[in-house]
*Asks:* 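Supplied in structure tokens, the structure appears directly below.
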Amino acid sequence: MFPGSARLARECKMQNAECRNHRVLRRFLFAFCILHFAFLLTACRQKMANQPRYDPLEPSDFFADGMSARPRIPGTVARGELAVDPIVATGKVNGQDVDGFPIPVTADVLNRGQERFTIYCSECHGRLGDGNGMIPSRGYRHPSSFHTESLRNAKTGHFFDVMTNGFGAMPTYAQQVPVNDRWAIIA
């Protein structure tokens with residue numbers, strides 16, 4: 001035997017034992033993870049239908065008034081219960097554009113309309129309503145001028161419909177401009 005070969009043989013046996021220990025440990029950890037994952041899948045399978053809940057108008061001892069539900073906050077409107085005048089909301093009567101305003105036109109409404117026009121409309125239509133705003137000057141399609149005879153004679157419902165649903169290259173502004181602000185802009 002060569003000198004030091006016994007020591008080398010002992011080191012190899014120790015390394016092999018360590019490798020075996022590592023393999024066993026890795027198998028144990030893998031099995032543990034699989035079992036843990038399987039446990040989580042079965043243990044956390046609570047359905048929302050099994051949660052404690054109250055039926056509408058069912059009594060409860062949680063609140064001092066004995067009810068399970070709270071009364072509506074004054075001034076709020078439940079979804080689907082908003083009572084809106086259809087003329088104000090659509091600008092149409094029997095499918096035809098209205099002529100005139102469904103809201104009173106006051107100085108405050110005119111000021112609000114001018115402010116909203118400057119914010120939302122003047123970029124394309126220009127501050128004078130001539131269709132020469134900043135956006136068309138940069139290559140976007142020119143909108144119609146409000147000073148043409150056809151638009152001067154158009155009904156107010158037409159303008160409301162265009163702002164609400166869009167027309168030609170103009171997109172809808174229903175999400176950005178609230179209903180009363182659309183009427184203020186038209187005024």
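All values below come from the heavy atoms of this structure, side chains included, with hydrogens, waters and symmetry mates left out.
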*Asks:* I need the D99 CG to N153 CG distance, nearest 0.5 Å.
*Replies:*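 Spacing of CG (D99) from CG (N153) equals 10.0 Å.
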*Asks:* To check you understand the geometry: which heavy-atom pair defines the closest contact between A169 and Y140, and what is its length?
*Replies:*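 It is O-OH, 3.0 Å.
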*Asks:* Is the side chain of D161 donor-acceptor paired with the backbone N or O of G157 at a distance under 3.5 Å, no angle test?
*Replies:*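 Such a contact is absent between D161 side chain and G157 backbone.
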*Asks:* Taking the side chain from H147 and the backbone from L128, do they hold a donor-acceptor pair closer than 3.5 Å?
*Replies:*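 At least one qualifying donor-acceptor pair exists.
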*Asks:* Have a look at R112 and tell me which of D181, N180, T106 forms a side chain to side chain contact (heavy atoms under 4.5 Å, CB included) with it.
*Replies:*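 Between R112 and the candidates, side chain to side chain contact (heavy atoms under 4.5 Å, CB included) is satisfied uniquely by D181.
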*Asks:* Can you tell me how far apart OG (S144) and NE2 (H125) are? Round to the nearest 0.5 Å.
*Replies:*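 So the gap between those two atoms works out to 8.0 Å.
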*Asks:* Hey, is the main chain of T164 close enough, under 3.5 Å, to the side chain of T172 for a donor-acceptor pair?
*Replies:*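 Present.
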*Asks:* Should V177 and F167 be regarded as members of a common hydrophobic cluster, given that ILVMFWY residues are connected when their side-chain heavy atoms come within less than 4.5 Å of each other, either directly or indirectly?
*Replies:*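 Yes; F167 is reachable from V177 via cluster members.
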*Asks:* Can you measure from CG (D97) to NZ (K92) and round to the nearest 0.5 angstrom?
*Replies:*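 Interatomic distance, D97 CG to K92 NZ, rounded to 0.5 Å: 4.0 Å.
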*Asks:* Take atom CD in Q96; do more than 12 heavy atoms of anything else shown fall under 6.0 Å from it?
*Replies:*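 Counting neighbours around CD of Q96, 12 or fewer heavy atoms of other residues, nucleotides or ligands fall under 6.0 Å, so no.
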*Asks:* When you look at S122 and F117, which way does the side chain to side chain contact (heavy atoms under 4.5 Å, CB included) test go after all the steps?
*Replies:* CA-CA 6 Å; S122 66; F117 180 87; 4.3 Å; yes
*Asks:* Indicate yes or no for a side-chain donor-acceptor contact from T156 to the backbone of F101 under 3.5 Å, with no hydrogens or angles considered.
*Replies:*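 A pair under 3.5 Å: no.
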*Asks:* Under 30°, 30 to 60°, or over 60°: which ring-plane class applies to F159 and F146, parallel, tilted or perpendicular?
*Replies:*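 Answer is perpendicular, since the angle exceeds 60°.
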*Asks:* Is M67 atom CE crowded by more than 12 heavy atoms from other residues, nucleotides or ligands, each under 6.0 Å away?
*Replies:*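 Count over threshold, so yes.
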*Asks:* Report the distance from atom SG of C121 to atom CD of Q114, rounding to the nearest 0.5 Å.
*Replies:*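 Result: 12.0 Å between the selected atoms.
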*Asks:* Identify whether M134 and M170 are in the same connected component of the hydrophobic contact network (ILVMFWY, side-chain heavy atoms under 4.5 Å).
*Replies:*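 No, because M134 and M170 fall into different hydrophobic clusters, even though each may have its own neighbours under 4.5 Å.
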*Asks:* At their closest point, which heavy atom of D55 faces which heavy atom of S68, and how far apart are they?
*Replies:*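 Closest approach of D55 to S68, heavy atoms only: O-OG, 3.7 Å.
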*Asks:* Return the CD to CE distance between Q176 and M163, rounded to the nearest 0.5 Å.
*Replies:*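 CE of M163 is found 12.0 Å from CD of Q176.
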*Asks:* Shortest non-hydrogen contact from R70 to D65?
*Replies:*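 Minimum heavy-atom contact is NH2-OD2, 3.0 Å.
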*Asks:* Should V88 and V93 be regarded as members of a common hydrophobic cluster, given that ILVMFWY residues are connected when their side-chain heavy atoms come within less than 4.5 Å of each other, either directly or indirectly?
*Replies:*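 Same cluster.
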*Asks:* Can you name the closest pair of heavy atoms from P143 and P136 and give their distance?
*Replies:*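 Closest pair (atom of P143, atom of P136, distance): CD-CG, 3.6 Å.
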*Asks:* Count the heavy atoms of every other residue, nucleotide or ligand shown that sit under 6.0 Å from CZ of R138, and state whether that count exceeds 12.
*Replies:*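 Atom CZ in R138 is not crowded, with 12 or fewer foreign heavy atoms closer than 6.0 Å.
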*Asks:* Are I103 and V98 grouped together when hydrophobic residues (ILVMFWY) are joined by side-chain heavy atoms under 4.5 angstrom apart?
*Replies:*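 I103 and V98: one cluster.
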*Asks:* Output the distance between atom OH (Y173) and atom OH (Y120), rounded to the nearest 0.5 Å.
*Replies:*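 Between Y173 OH and Y120 OH, I get 9.5 Å after rounding to 0.5 Å.
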*Asks:* Which atom pair, heavy atoms only, marks the closest approach of L110 to A187?
*Replies:*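 Heavy atoms only, the tightest pair is CD2-O, 3.5 Å.
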*Asks:* Minimum heavy-atom separation for A89 to F160, with atom names?
*Replies:*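 Looking at all heavy atoms of both residues, the closest pair is O-CE2, 3.3 Å.
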